[in-house]
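A quick write-up on the structure given underneath.
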Number of protein chains: 2
Amino acid sequence: MKIGELARLAGTNVETIRYYERDGLLPVPARSEGNYRIYGDSHVQRLSFIRRCRGLVMTLDEIRVLLHFKESPQENCADVNRLLDRHIGHVAHRMQELQELERQLKDLRERCGEARDAAHCGILDGLSQAFVPGGKTASHVQGTHRHAANRNLAKGNQGNQV
Amino acid sequence: MKIGELARLAGTNVETIRYYERDGLLPVPARSEGNYRIYGDSHVQRLSFIRRCRGLVMTLDEIRVLLHFKESPQENCADVNRLLDRHIGHVAHRMQELQELERQLKDLRERCGEARDAAHCGILDGLSQAFVPGGKTASHVQGTHRHAANRNLAKGNQGNQV
DNA sequence: TAGAAACCCTTGAGTGACTACAGAGTCAAG
DNA sequence: CTTGACTCTGTAGTCACTCAAGGGTTTCTA
């Protein structure tokens with residue numbers, strides 16, 4: 001099959017497939033006479049695996065580790081477990097941060113019930129004072145502002161994220 | 001004061017300040033004889049405002065709107081309220097996504113209790129099957145994977161996020 | 001069989017909000 | 001006068017794509 005069909009089957013778009021190939025996540029496929037990439041079932045499997053992992057907001061590097069284990073069935077999978085545990089930790093951590101963030105934002109929102117002139121807006125006042133903005137962040141799960149073009153995965157944003 | 005002191009006072013780093021200047025968030029400051037940027041209290045105020053907003057995971061564009069209102073005290077602040085409401089919505093949405101994500105990851109993790117060979121790892125098995133990876137994402141709040149160098153704000157990642 | 005439409009190719013740039021680095025200049029202390 | 005801390009500009013890198021230009025190939029329809 002050609003790249004367009006692979007894209008449809010795996011729910012990706014074509015540029016992403018070519019990007020994964022450049023990035024070494026997908027093997028370089030055969031080419032047709034007209035220089036078109038030619039794929040088979042194994043590519044569908046592998047790409048689907050990658051997209052499912054991305055749907056779980058793993059980084060491409062994490063996915064690389066998982067792919068390595070898929071290809072080395074005799075190895076011990078303890079690293080897979082560790083990777084997933086760490087990833088779950090990231091997600092949990094990010095959720096805590098967001099909860100704190102939500103609390104702060106709601107606090108702030110309550111400072112200005114109705115519209116008035118900006119000089120007396122409680123929100124702007126609040127933002128001008130030094131309330132403490134939580135702590136540090138060290139996870140990799142992202143994505144609240146995302147405007148367009150997310151086709152069918154929980155990408156959240158262009159980086160990777162939990 | 002010079003840029004280093006401003007950075008310390010506002011809890012930013014120096015490159016970020018220059019970046020904000022290029023990006024139009026901070027006014028172009030005066031220069032010393034030796035071509036050093038010279039800042040005053042108003043810069044500290046403004047930069048701190050920006051960093052507090054960033055701590056609440058607002059985008060630089062959102063912050064630009066807020067700065068505009070701070071500078072136009074006679075205008076009606078209804079847009080400020082709207083902006084914050086939308087932002088809170090983004091955060092809430094992202095939290096729901098993360099909850100779903102956590103559920104899926106924990107499901108997956110339970111498939112492989114202890115280490116064995118990768119050929120029989122329930123996690124790799126699970127990732128190879130077609131469980132549905134949630135829905136689309138359209139927020140802008142990010143950040144679970146973030147590895148280093150987050151100094152003192154809830155950045156989460158390099159994009160912006162809720 | 002011609003032409004159009006749909007598909008594919010490569011290359012390069014753009015996204016957001018920084019971060020890092022190279023190579024040079026400035027300044028204060030010892 | 002040297003050392004080291006600080007600053008300057010400019011450029012490239014981050015992450016995971018996404019988009020567009022400018023061309024070639026294949027397939028469908030008239």
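Note on naming: letters A, B, ... go to the chains in the order of the sequence lines (proteins, then strands), and numbering restarts at 1 for each one. Keep in mind it's a predicted model, so treat the numbers as computed, not measured.
- When the C1' atom of C:dC7 is taken as reference, atom CD1 of A:I3 falls 11 Å away, rounded to whole Å.
- Using a 4.0 Å cut-off between charged nitrogen and carboxylate oxygen, B:D79 and B:R82 count as a salt-bridge pair.
- Between the C1' atom of D:dT18 and the CG atom of A:N13 lies a distance of 7 Å, rounded to the nearest Å.
- At whole-Å resolution of the value, CG in B:L60 and P in C:dT19 are 12 Å apart.
- When distances run from any side-chain atom of B:E15 to the nucleotides D:dC17, C:dA20, D:dT7, the shortest one goes to C:dA20.
- Residue A:L56 contributes atom CG, which lies 14 Å from atom P of D:dA16 at whole-angstrom precision.
- Cluster annotation: B:Y36 and B:I3 are assigned to distinct hydrophobic clusters (Ile/Leu/Val/Met/Phe/Trp/Tyr, side-chain heavy-atom contacts under 4.5 Å, transitive).
- Closest heavy-atom contact between A:R109 and B:I88: CB-CD1, 3.9 Å.
- Within the 4.5 Å cutoff, the side chain of B:R54 has heavy atoms near those of the B:I63 side chain.
- Contact between the side-chain N/O atoms of A:R8 and the OP1/OP2 oxygens of C:dC7 is not found at any separation under 4.0 Å.
- One atom, CE of B:M1, and another, P of D:dT7, lie 12 Å apart when rounded to the nearest Å.
- By the salt bridge (Lys or Arg N to Asp or Glu O under 4.0 Å) test, A:K106 pairs with A:E102, sequence neighbours left out.
- Here side chain to side chain donor-acceptor pair (under 3.5 Å) pairs that include residues 17-32 of chain B, with residues two or more places apart or in two chains, are B:Y20-B:R51, B:E21-B:R37, B:D23-B:R64, B:R31-B:N35.
- Non-hydrogen atoms lying under 4.0 Å from DNA chain D are contributed by A:Y20, A:G34, A:Y36, all within residues 20-40 of chain A.
- Of the candidates D:dT7, D:dC17, C:dC18, the closest approach to any side-chain atom of B:R51 belongs to C:dC18.
- Which of C:dC8, C:dT19, D:dA16 sits closest to the side chain of A:R18 comes down to C:dC8.
- In this model, the phosphate group of D:dT18 is approached by a side-chain N or O of A:T16 to a distance below 4.0 Å at OP1 or OP2.
- When each of B:Y19 and B:K2 is assigned the nucleotide of DNA chain C bearing its nearest heavy atom, the one mapping closer to the 5' terminus is B:Y19.
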